[in-house]
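Below is one structure, written out as structure tokens; the observations come after it.
Here is how names work: the chains are called A, B, and so on, in the same order as the sequence lines, proteins then strands, and each is numbered from 1. Predicted model, so just to flag it, every value in this text is computed and none were measured. Heavy atoms only: backbone and side chains are in, while hydrogens, waters and symmetry mates are out.
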Protein chains: 2
Amino acid sequence: MAKPVYQQVKTELLDLISQQESNTAIPSERALSQKFNVSRMTLRKAINELVDEGVLYRDTTRGTFVSEKGLIKKNSLRPSHYSRHLLYMTRRVFKDIAPILEIPVYEDLLRIVSKHNKDERVAYIDEIYVSKRRYMDDYQDIDHVFEAIESKDEFHIHQTFYPILVPVQFANLMEIALDRPIIMVESLYRTKKGEPIFLTKTFYNPEVETIEISN
Amino acid sequence: MAKPVYQQVKTELLDLISQQESNTAIPSERALSQKFNVSRMTLRKAINELVDEGVLYRDTTRGTFVSEKGLIKKNSLRPSHYSRHLLYMTRRVFKDIAPILEIPVYEDLLRIVSKHNKDERVAYIDEIYVSKRRYMDDYQDIDHVFEAIESKDEFHIHQTFYPILVPVQFANLMEIALDRPIIMVESLYRTKKGEPIFLTKTFYNPEVETIEISN
DNA sequence: TAGTGGTCTAGACCACTGG
DNA sequence: CAGTGGTCTAGACCACTAA
């Protein structure tokens, strides 16, 4: 009883779908709920999640169909993750970041800078800003910070996209020219209560990594 | 019986929530379902939508709470919409675009270029590419194309973000320098069946409009 | 007219939390 | 121990569409 029934139904549906052509109908909800021995509401919960993910689509009064392969949604808010390599960590006052994190301007912040490689090249670099105080209270360990940053649903994330010229200190790492335009994404992580925890700046290497979103 | 019950419940919940402080609990699902005279499942459907929209958040075993104002989700995939001003429309072959729209390379395409103003300045410019044949068959009228582009849920949209230097022909319109880095977003609109319909390129003026996403 | 998805009900049991 | 959200059931009626 560890996993909910609808989760199990969902994986069974995925098996069934994998053997089916795109744009062909799956069996009706009533037929499937009998086949899997669950109520129609439970079956629908499983299908609804697959529809949300873009695996299936519905046509009211006609049926439910398998989506074209490759139309599965991407999750947008985080870059595809390659192995993280810590570059360095500094601790000092950042007068421009502190107000965003809603802490006193002269309180110490940590800046944690990492690169992420793809096929021997740097795909993106991120800077994580977190208050020294919060780091000590809640995390103590860099790996716990990384874990939190990559966790799902725990935070409200607000992202802003800026076009910039690659900063000199990163151009060399990315092996790109100094006058190269790149995209920097600023992400503010807040708890559900609205308390800001992390600010990250992610610098994408346009020769290696593109930002893509689908719905 | 025009609107489903859960929609009505949702608006009543919004009324109730609007008078409440952030991070305070709303009544329990059982209490609310009695209050509104609906089943708990129906009440939950209303709450679930508000949670998805970021208006409420849940804490299992503790309750459901009102989110901080200003943490409501933005929908990311489309720019905030200002009034559209058609600049020009051309019809010719675009050898690079045709393969993306899966039409013969030498078939005619329409390119529809518009600007979108915010406070007397150009916030962004978009180019819409659509096959001449499809335009005649399905739309006939530019306004129908605009309507389709702005419709919700009708299409699968895949977006790619590119950092570029502002194209010369747009720098003047945007009143920005020629060496200015900007973000160009390429959006491919497909039907649920996977058939590509529109390709759009949106050029954002970084001095007026920023791209923001929240979840 | 038969079949589809969309909605709705009135119950039920569970795991977990806080007092 | 009482209360919460999470899951689940076995029915039901509706609007719409395709044959």
Side-chain angles (χ1 to χ4, degrees), chain A residues 1-13 16-17 20-67 152-154 156 191-193, chain B residues 1-13 16-17 20-67 152-154 156 191-193:
Chain A
M1 283 300 189
K3 273 200 303 187
V5 175
Y6 75 89
Q7 290 284 2
Q8 178 58 30
V9 170
K10 197 173 153 187
T11 67
E12 294 190 51
L13 274 172
L16 199 151
I17 290 164
Q20 225 177 302
E21 291 289 319
S22 300
N23 298 313
T24 58
I26 65 172
S28 76
E29 298 181 350
R30 288 166 181 81
L32 286 170
S33 63
Q34 283 198 22
K35 177 188 174 92
F36 294 138
N37 245 301
V38 297
S39 74
R40 194 175 149 219
M41 289 302 264
T42 300
L43 187 273
R44 271 179 71 80
K45 177 143 187 172
I47 290 189
N48 281 336
E49 295 207 352
L50 293 174
V51 169
D52 285 344
E53 292 164 15
V55 175
L56 300 173
Y57 63 93
R58 295 190 211 260
D59 194 336
T60 305
T61 77
R62 296 213 314 120
T64 303
F65 303 83
V66 179
S67 296
K152 309 236 176 225
D153 303 325
E154 189 178 349
H156 236 284
T191 62
K192 304 275 186 182
K193 289 191 168 54
Chain B
M1 284 300 186
K3 271 200 304 184
V5 176
Y6 74 89
Q7 291 283 4
Q8 178 57 30
V9 170
K10 197 173 152 185
T11 66
E12 294 190 52
L13 274 173
L16 198 150
I17 290 164
Q20 225 177 304
E21 290 290 320
S22 300
N23 299 313
T24 58
I26 65 172
S28 77
E29 298 180 350
R30 287 164 180 84
L32 286 169
S33 62
Q34 283 199 23
K35 176 188 176 93
F36 294 137
N37 244 302
V38 297
S39 74
R40 194 176 148 217
M41 290 301 263
T42 300
L43 186 274
R44 271 178 70 80
K45 177 144 186 171
I47 290 189
N48 282 336
E49 295 206 353
L50 293 175
V51 170
D52 286 344
E53 292 165 16
V55 176
L56 300 174
Y57 63 94
R58 295 192 211 261
D59 194 335
T60 305
T61 78
R62 296 215 311 122
T64 303
F65 304 83
V66 179
S67 297
K152 308 237 178 224
D153 302 325
E154 188 177 348
H156 235 284
T191 62
K192 304 275 187 183
K193 288 191 170 52

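One interatomic measurement links the two molecules: CZ of B:Phe36 to C1' of C:dC8, which rounds to 17 Å at whole-angstrom precision. We find that CZ of A:Phe65 is positioned 13 Å from P of D:dT17, with the value rounded to whole Å. B:Gln34 places its CD atom 14 Å from the C1' atom of C:dT9, with the value rounded to the nearest Å. Atom CG in A:Leu43 sits about 12 Å away from atom P in C:dT4, given to the nearest Å. Residue B:Asn37 contributes atom CG, which lies 14 Å from atom P of C:dC8 at whole-angstrom precision. Distance CD (B:Gln8) to C1' (C:dC8): 15 Å, rounded to an integer number of Å. Note: NZ (A:Lys10) to P (D:dT7) measures 11 Å, nearest angstrom. Here D:dG5 presents its P atom at 16 Å from NZ of A:Lys192, a figure rounded to the nearest Å.
No side-chain donor-acceptor contact under 3.5 Å links A:Thr42 to the backbone of A:Val38. A donor-acceptor pair is defined here as one N or O able to donate and one able to accept, closer than 3.5 Å; such a pair exists between the side chain of B:Ser67 and the backbone of B:Gly54.
Nearest to the side chain of A:Ser28, among C:dT7, C:dG5, D:dG5, sits C:dG5.
Applying the salt bridge (charged side-chain N to carboxylate O under 4.0 Å, His left out) rule to B:Arg62 yields the partners B:Asp59; only residues at least two apart in sequence or on another chain are considered.
Using a 4.0 Å cut-off, no side-chain N or O of B:Lys45 falls inside it from OP1 or OP2 of C:dC8. OP1 and OP2 of D:dC8 both lie 4.0 Å or more from every side-chain N or O belonging to A:Tyr6.
B:Lys35 has its side chain out of reach of B:Arg30: every pair of non-hydrogen atoms, C-beta onward, lies at least 4.5 Å apart. Counting heavy atoms from C-beta outward, A:His156 and A:Thr191 have side chains that stay 4.5 Å or more apart. At a threshold of 4.5 Å between non-hydrogen side-chain atoms, the residues B:Leu50 and B:Ile17 count as touching.
Contacts between residues 47-59 of chain B and DNA chain C, defined by a heavy-atom separation under 4.0 Å, are absent.
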(request) Let me have a per-nucleotide readout for nucleotides 10-17 of chain C, 5' to 3', with B, S or -, counting only protein heavy atoms under 4.0 Å. (result) B-BB--BS
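A salt bridge does not link A:Glu49 to A:Arg44: none of the charged nitrogens lies less than 4.0 Å from a carboxylate oxygen.
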(request) Mind running side-chain contact (heavy atoms from CB on, under 4.5 Å) on A:Tyr6 and A:Asn48 for me, showing each step along the way? (result) CA-CA 10 Å; A:Tyr6 75 89; A:Asn48 281 336; over 6 Å; no
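Between B:Asn23 and B:Phe65, the closest heavy-atom pair is O-CD2, 3.8 Å.
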